[in-house]
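Chain A is the first sequence line, chain B the second, and so forth, proteins listed ahead of strands; every chain is numbered from 1. Just the heavy atoms: all of them, side chains too, but no hydrogens, waters or symmetry mates, feed the values below. Remember, it's a predicted structure, so these values are computed and weren't measured experimentally.
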Number of protein chains: 2
Amino acid sequence: MKWKALFLVAVTAVAVIATLTPSTSGQTDQIATSVFLTKIPAGYRDWRLISVAHEEGDLRSFAAVLGNDIAINAYRSGKLPFPDGAIIGALHYSHVSSEENNNVFGRAQSFVPGPPTNIQFMVKDSKKYASTGGWGFAHFNKDGTPADEAMLKTCFPCHQMTKATDLVF
Amino acid sequence: MKWKALFLVAVTAVAVIATLTPSTSGQTDQIATSVFLTKIPAGYRDWRLISVAHEEGDLRSFAAVLGNDIAINAYRSGKLPFPDGAIIGALHYSHVSSEENNNVFGRAQSFVPGPPTNIQFMVKDSKKYASTGGWGFAHFNKDGTPADEAMLKTCFPCHQMTKATDLVF
């Protein structure tokens with residue numbers, strides 16, 4: 001299983017109520033609260049490791065992807081789809097050269113996390129988030145503020161391209 | 001705090017009794033058992049995340065650095081040296097391009113862990129490992145076998161270059 005840019009930073013709990021996709025029925029408020037997280041899950045920094053990732057291009061970032069117990073158990077069992085209650089997130093940082101490590105290695109080869117950049121979560125609730133494949137999405141900036149609507153709208157369109165892995169990549 | 005190539009793979013517990021540095025007193029056997037781990041610590045894959053790392057050069061690898069509770073508490077408190085009982089390790093994998101992710105992003109920018117490569121630990125015991133700065137070292141190959149003596153001898157000479165961070169980098 002592979003994982004994309006799911007970004008987390010060590011921020012305190014913040015709230016975000018936003019709209020992933022504009023309502024076509026006029027019930028924008030209902031869709032907003034049903035598709036996005038309202039706050040960062042407590043204790044996520046103590047969750048267990050799923051994987052790591054590195055993005056170049058415009059991102060140039062490191063991710064450490066973590067999962068709560070439900071997500072970890074599902075991930076290790078290899079069974080899809082993820083059950084309700086699974087939450088996946090990633091601590092994301094800039095990808096920077098480490099002068100300290102390079103000095104030890106004697107060559108420029110080492111990269112470590114720089115400043116945190118942002119935080120993202122996917123939360124599985126097959127009923128609450130039925131309109132987006134059973135997943136709720138969230139993205140918080142490094143200062144703890146939620147991403148703007150334009151950013152949030154980009155989550156589901158990409159994730160729905162990976163149906164074979166229950167929208168997780 | 002920054003971290004170098006500490007490599008872990010998901011292997012079952014194996015034993016390694018080796019010598020970091022040749023004894024200058026002729027008591028090689030005693031030094032061997034006092035400087036290295038005898039087996040991979042149980043349950044390390046459930047430890048909490050400390051950091052991630054990426055090495056280019058000859059390694060071309062990803063590391064996820066994990067710590068047991070004692071190590072995590074020390075790391076978060078920012079107090080050095082690490083107390084006895086602290087264990088730090090890293091799951092290490094090859095650093096490979098992700099075709100799946102690149103297809104989603106629409107450009108070649110994404111790297112994910114490839115096959116696991118090896119596993120390393122540092123174990124703090126200020127008395128048992130007094131001759132190597134209070135740390136015991138271990139390196140296991142991807143098949144679970146311990147690294148040869150030549151490899152193991154390279155641990156301490158590099159780590160002792162980072163005394164300011166209690167040999168951890």
Distance-minimising heavy-atom pair for [X] and [Y]:
{"X": "B/Val52", "Y": "A/Pro113", "result": "O-CD, 3.2 Å"}
{"X": "B/Asp58", "Y": "A/Arg107", "result": "OD2-NH1, 3.2 Å"}
{"X": "B/Met161", "Y": "A/Val104", "result": "CE-CA, 4.0 Å"}
{"X": "B/Arg45", "Y": "A/Ile50", "result": "NH2-O, 3.4 Å"}
{"X": "A/Asp46", "Y": "B/Arg48", "result": "OD1-NH1, 2.9 Å"}

Report task. Measure the acute angle between the ring planes of B/His95 and A/His54, then classify it against the limits of 30° and 60° as parallel, tilted or perpendicular. Result -> tilted
Query raised in the report: Given the rule that I, L, V, M, F, W and Y join up when any side-chain heavy atoms are under 4.5 Å apart, are B/Ile70 and B/Val65 in one cluster?
Result: no
Query raised in the report: Distance from B/Asn101 atom CG to A/Thr162 atom OG1, nearest 0.5 Å?
Result: 9.0 Å
Query - Passing candidate, side-chain hydrogen bond (donor to acceptor under 3.5 Å, both in side chains) with A/Gln109, options B/Glu55, B/Glu56, B/Arg60 - result: B/Glu55
**Report entry** Per-residue contact mode, B/Asn102 against chain A (heavy atom under 4.5 angstrom)
**Finding:** neither
